[in-house]
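Below is one structure, written out as structure tokens; comments come after it.
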Amino acid sequence: KQWYQRRVAITAGGEFKIDSVSPEIFRAILGYYVNGEIKVPYDLNMYEIKEACDFFLIPFNTTTVVSENLSAFMNELSNDGSRRKFESFLQTDIVPGMAEAAMKGERECHIVCLKDDDIVDWDP
């Protein structure tokens, strides 16, 4: 089955049901196709809007999403930014260090990620 066949079903009434997209979320998403933006009422779950944007391949940004809940919108944008930053850090710093240890024949590699204000007392 194609990916869309696993996510979309037709009900007995002939309606399409999209797995994990509520009617309220879908209604908001339709706004993108009508007027180019998704108007998100305060009571809609911003994470679900983000997931629906990913599913329908709609950019999730300040151009496409207009939200009454600025805090929730900024939180999702921040989560995306953090995820991208960590993925970059992983590829530029962590993976090369692990590969270097593996090329030296090491079977284990322990990497500890600390925040700027974290302090670790190592046993001698």
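All residue numbers in this chain count up from 1 along the given sequence. What you are looking at is a predicted structure, and each value in this text was computed from that prediction instead of being measured.
- Summarising the geometry of N69 relative to M46, their closest heavy-atom pair is O-CE, 4.3 Å, with the distance given to 0.1 Å.
- With hydrophobic clusters built from ILVMFWY side chains whose heavy atoms lie under 4.5 angstrom apart, I38 does not share a cluster with V34.
- With salt bridges taken as basic N to acidic carboxylate O contacts below 4.0 Å, none links K85 and E87.
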- [ ] In sequence, state the C-alpha distance, the side-chain angles, and the governing distance for V21 and I29, and then conclude on side-chain contact (heavy atoms from CB on, under 4.5 Å).
- [x] CA-CA 10 Å; V21 178; I29 293 294; 5.6 Å; no
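- Taking CD of E48 as the reference point, atom CD of E51 lies at 9.0 Å (rounded to 0.5 Å).
- Checked by atom type and distance alone, the side chain of E68 pairs as donor or acceptor with a backbone atom of Y42 at under 3.5 Å.
- In this structure, V65 and F60 approach most closely via the heavy-atom pair CG2-CD1, 3.8 Å.
- Atom CG of N45 is separated from atom OG of S22 by 9.0 Å, given to the nearest 0.5 angstrom.
- Residues C53 and P59 share a closest heavy-atom pair of SG-O, 4.5 Å.
- No side-chain heavy atom of Y32 sits under 4.5 Å from any side-chain heavy atom of E37.
- In terms of hydrophobic clustering, with Ile, Leu, Val, Met, Phe, Trp and Tyr side chains grouped at heavy-atom distances under 4.5 Å, Y47 and F55 are assigned to different clusters.
- Side chains of N61 and T64: a donor on one and an acceptor on the other come within 3.5 Å.
- No donor-acceptor pair under 3.5 Å is formed between the side chain of S78 and the backbone N or O of M74.
- A52 and I25 get closest at one heavy-atom pair: CB-CG2, 3.6 Å.
- Ring orientation note: the planes of F26 and F56 are tilted relative to one another, at an angle of 30° to 60°.
- Annotation: side chain of Y33 is in contact with side chain of I58 (closest heavy-atom distance under 4.5 Å).
- At least one side-chain heavy atom of K50 sits under 4.5 Å from a side-chain heavy atom of D80.
- Hydrophobic clustering places F89 together with M98 (ILVMFWY residues linked when any side-chain heavy atoms are closer than 4.5 Å, directly or through intermediates).
- For the pair T92 (side chain) and S88 (backbone), a donor-acceptor distance under 3.5 Å is present.
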